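What follows is a short report on a single structure.
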There are 2 protein chains.
Amino acid sequence: MRVLLTGGAGYIGSHTALVLIERGHEVVVLDDFSNASPEAVRRVEELTGATIPVVTADLAERGAAHAALEGVAFDAVIHFAGLKAVGESVAQPTRYYRVNLDSTLTLLDLMAERGVDRFVFSSSATVYGDPELVPIAETHRTGVGITNPYGWTKFMIEQIVRDAQAARPELGAVLLRYFNPVGAHPSGRIGEDPTGTPNNLMPFIAQVAVGTRERLSVFGDRYPTPDGTGVRDYIHVMDLAEGHVAALERIAAGVASYNLGSGTGSSVLDVVRAFEAAAGRAVPYEVVPPRPGDVAEMVADPARANAELGWRTTRSLADACRDAWTWQSANPGGYAG
Amino acid sequence: MRVLLTGGAGYIGSHTALVLIERGHEVVVLDDFSNASPEAVRRVEELTGATIPVVTADLAERGAAHAALEGVAFDAVIHFAGLKAVGESVAQPTRYYRVNLDSTLTLLDLMAERGVDRFVFSSSATVYGDPELVPIAETHRTGVGITNPYGWTKFMIEQIVRDAQAARPELGAVLLRYFNPVGAHPSGRIGEDPTGTPNNLMPFIAQVAVGTRERLSVFGDRYPTPDGTGVRDYIHVMDLAEGHVAALERIAAGVASYNLGSGTGSSVLDVVRAFEAAAGRAVPYEVVPPRPGDVAEMVADPARANAELGWRTTRSLADACRDAWTWQSANPGGYAG
C-alpha cells in the first residue's frame, strides 16, 4: 500500500513510517512542521534506505491542502496530524477545535472525492474520560468526564468518522485509542522531541536525567493507587507503530476501535525508578499538587486488538526507558542538536 | 443593545428580530440566504418600521466572514445560522460538521478579537438524545443516544462554547435548547418557509391543508404514548422569540443552559386535530413506518427558564395552528409567492 501519513514527521508518525517501510509499504509524509522537524523524516530515510516524499501543508486550510495534495496518490491514510497539548487546548480552545476537526473533515472529503477508503485515526484513551472500570475495554462509555478541549476533539472526531462511514459504506475506518506512548527506536536516531516544556512524563524525566531540567514535578501522591501517584499504561512507541501497521493491513469496511496499550499499569514513581535504572543516573523529583482533570488510573484492556489484529506489545517499560535514554543522550536538544 | 443575528432571515431568526426591535433593541442580520429569503427581513422591516442592516456572508468561510463584518459593530450575538435538516445531515455529515462547527468558531474568535461578550446559541433538545426521564430538565445528561450529525453538531457546539467561555471568563453565553418551534407571527407576514419537503410536522400539515401536498405521513403509531404517535413539546415561535430576548437581557458572565418549551406534550394526532380545527379543513394522513432515531416522547421541564429568565410560554397549540394557517394560506408558496 501507499500510505499517506498526516503528521508523519511527528513522534508516532515517524516511528510508524519506519515500520511501514520495513514491512514493504510506501509512505508519503504530510506535515506542516509546526511541531515537528523535517530531520525526523530524513532520519527515517537514513534508517530504511527509502526515499520519502514530503508534502508540506496545513490540513486545516482546506483549499491549500487540496492544492498541495494534487497529483499525490495514496491508497490509505493514517491521520496523526493535530494539536495535542492538553494545557494549551484549555487556553486556546477554538484553535484546537478548528485545527483538529477541520483537518479531519478536509481529509475525509478528499478521500471521498478520490475513492480512497482506508482510514486510520490517532485517537486516545482520553475519550473514556474518568473511567468507571479499569482495565478499560473498547465497550466502555466514551464522552463522559472528558476535561479538556484536546480530549473533546478526539471524541468528536471519532463521532465524525462514524457518521462519515455511515454515509459512505465502502469506507474502512479504524480508531486507535492510544494509552501512553513512550520510548524511541532502539537506534536512538528518532524519538520524542517536544517543543518547550514536555507535557508527557517520560520526555520530562529524560530531560532531567540528561541535565536539561533540574527536577521532575510529580503531580499528586494521594491518588488511590499503590504508591499514591497516578497509574498509566505506558506503551513502547515501536509497539504502537506495529499496532498501526496491523490495523491497516486488516482494515475492512466499517468502523472499528482498538485500544493500543500494554494492559499493565505503572505509577509515576515506577517510571522514575525504571528510568534511573536504564540511565544509571538519579532523577530528582518533587511532589506538587495534582493537576485538575487528571485521573488516578488509566490502563488498557488490549484483548480486542490482541485477538482481532493479531497484535500485542512485546517491549517492556525497561526497554522503553533504555531506548528513550539512548535517544535523549544522543540528541540532548532533540532534532535541533 | 445592537444585536447581530446570524441566520437572522430564517424562521426563528426573523421572529426574534421582530421581538428585539419591538423591545427597543437594534438588530443586524447576517445570513448567506442559502435557506432563507431576504423577503423575510423586508417584512420584519415592514412590520416594525425599522431599517435592518443586512450582511450577506457564509460564516463557515472564515476570511470572507471577517471581511464582510468589518466595520459592522454589535454588542451581542444570537447565533441561529446553521444547517438543520436531520436527514440531510445523515447523507452529508462532513458538510454539516464543517458548516455548523466552523461558523461557531468563526464567531467566537471574532467576538474575542472585538471584546464582544454576550453570546446566545440556538441549541436543541436533541442534545438530550433518547431521554431517560420526561419532562426533561437541563440537568439531564447530554450526548448519549444522539442519532444524527445534526444533533451531534448541537452537542459539540455546546461543548465548544463551554470551553471558549472557560478560556475567556468575561464571556456570557446562553445555550437555548429548543423543543419544537411552530406557528408564525399573528399577522401572517412572516412564518416558516421550508425548502423542499418539510422536515417538521406543522409546515407539512399546513401544506396538506392548503393543498400543496396530498396527505401527511405519520411516522409510527405504536409508540408507548396515549394514542401511539410521537409526543413532542410544541412551542409557539413568538414565545420562543421572547425567550431569546429574555435570555439576552439577563445574560451574565458564565454559561447557562435553558430549555425553551411549554412543558406540555402533544401527539402527532393532537396536532392534526388542532390544525384541522384552526383551518376548518381536513388533513388526511396515513401511518407509515417509524423513522429510525425518532424517540417516543420529548417534553421540556421549563422551570429553570421560568424562574431565572422570568419567561414562560403564553400561547397555546391552537394559537400556533391558527397563526401557521394564517401564514400558510396567505403565502401558499412561502416568501416566493
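Keep in mind it's a predicted model, so treat the numbers as computed, not measured. Just so it is clear: chains get the letters A, B, ... in the order the sequence lines come, proteins before strands, and each one is counted from 1.
- More than 12 heavy atoms of other residues, nucleotides or ligands sit less than 6.0 Å from atom CD of B:Glu170.
- Contact between A:Ala167 and B:Ala91 at its shortest, heavy atoms only, is CB-O, 3.7 Å.
- Environment of CZ in B:Arg141: crowded, with over 12 heavy atoms of neighbouring residues, nucleotides or ligands closer than 6.0 Å.
- Around CZ of A:Arg114, the count of heavy atoms belonging to other residues, nucleotides or ligands within 6.0 Å exceeds 12.
- Atom-to-atom distance recorded for B:Ile160:CD1 and A:Arg98:CZ is 12.0 Å, nearest 0.5 angstrom.
- Remark: A:Ile157 CD1 to B:Met156 CE distance equals 9.0 Å, nearest 0.5 Å.
- Neither the backbone nor the side chain of A:Ala166 comes within contact range of chain B; no heavy atoms are under 4.5 Å apart.
- For a residue to count as touching a neighbouring chain, one of its non-hydrogen atoms must lie under 4.5 Å from one of that chain's; by this rule A:Arg62 touches chain B with the side chain only.
- Considering OG1 of B:Thr94 and CZ of A:Arg168, their distance stands at 10.5 Å, rounded to 0.5 Å.
- Rounding to the nearest 0.5 Å places CH2 of A:Trp152 at 4.0 Å from CZ of B:Phe155.
- Contacts with chain A (heavy atom to heavy atom, under 4.5 Å) involve these residues of residues 101-109 of chain B, listed by number: B:Leu101, B:Asp102, B:Leu105, B:Leu108, B:Asp109.
- For A:Glu113, the CD atom counts as densely surrounded, since its 6.0 Å shell holds more than 12 non-hydrogen atoms of other residues, nucleotides or ligands.
- Between the side chains of A:Tyr97 and B:Asp163, at least one donor-acceptor pair of N or O atoms lies under 3.5 Å.
- At a 4.5 Å heavy-atom cutoff, B:Tyr96 makes no contact with chain A through either its backbone or its side chain.
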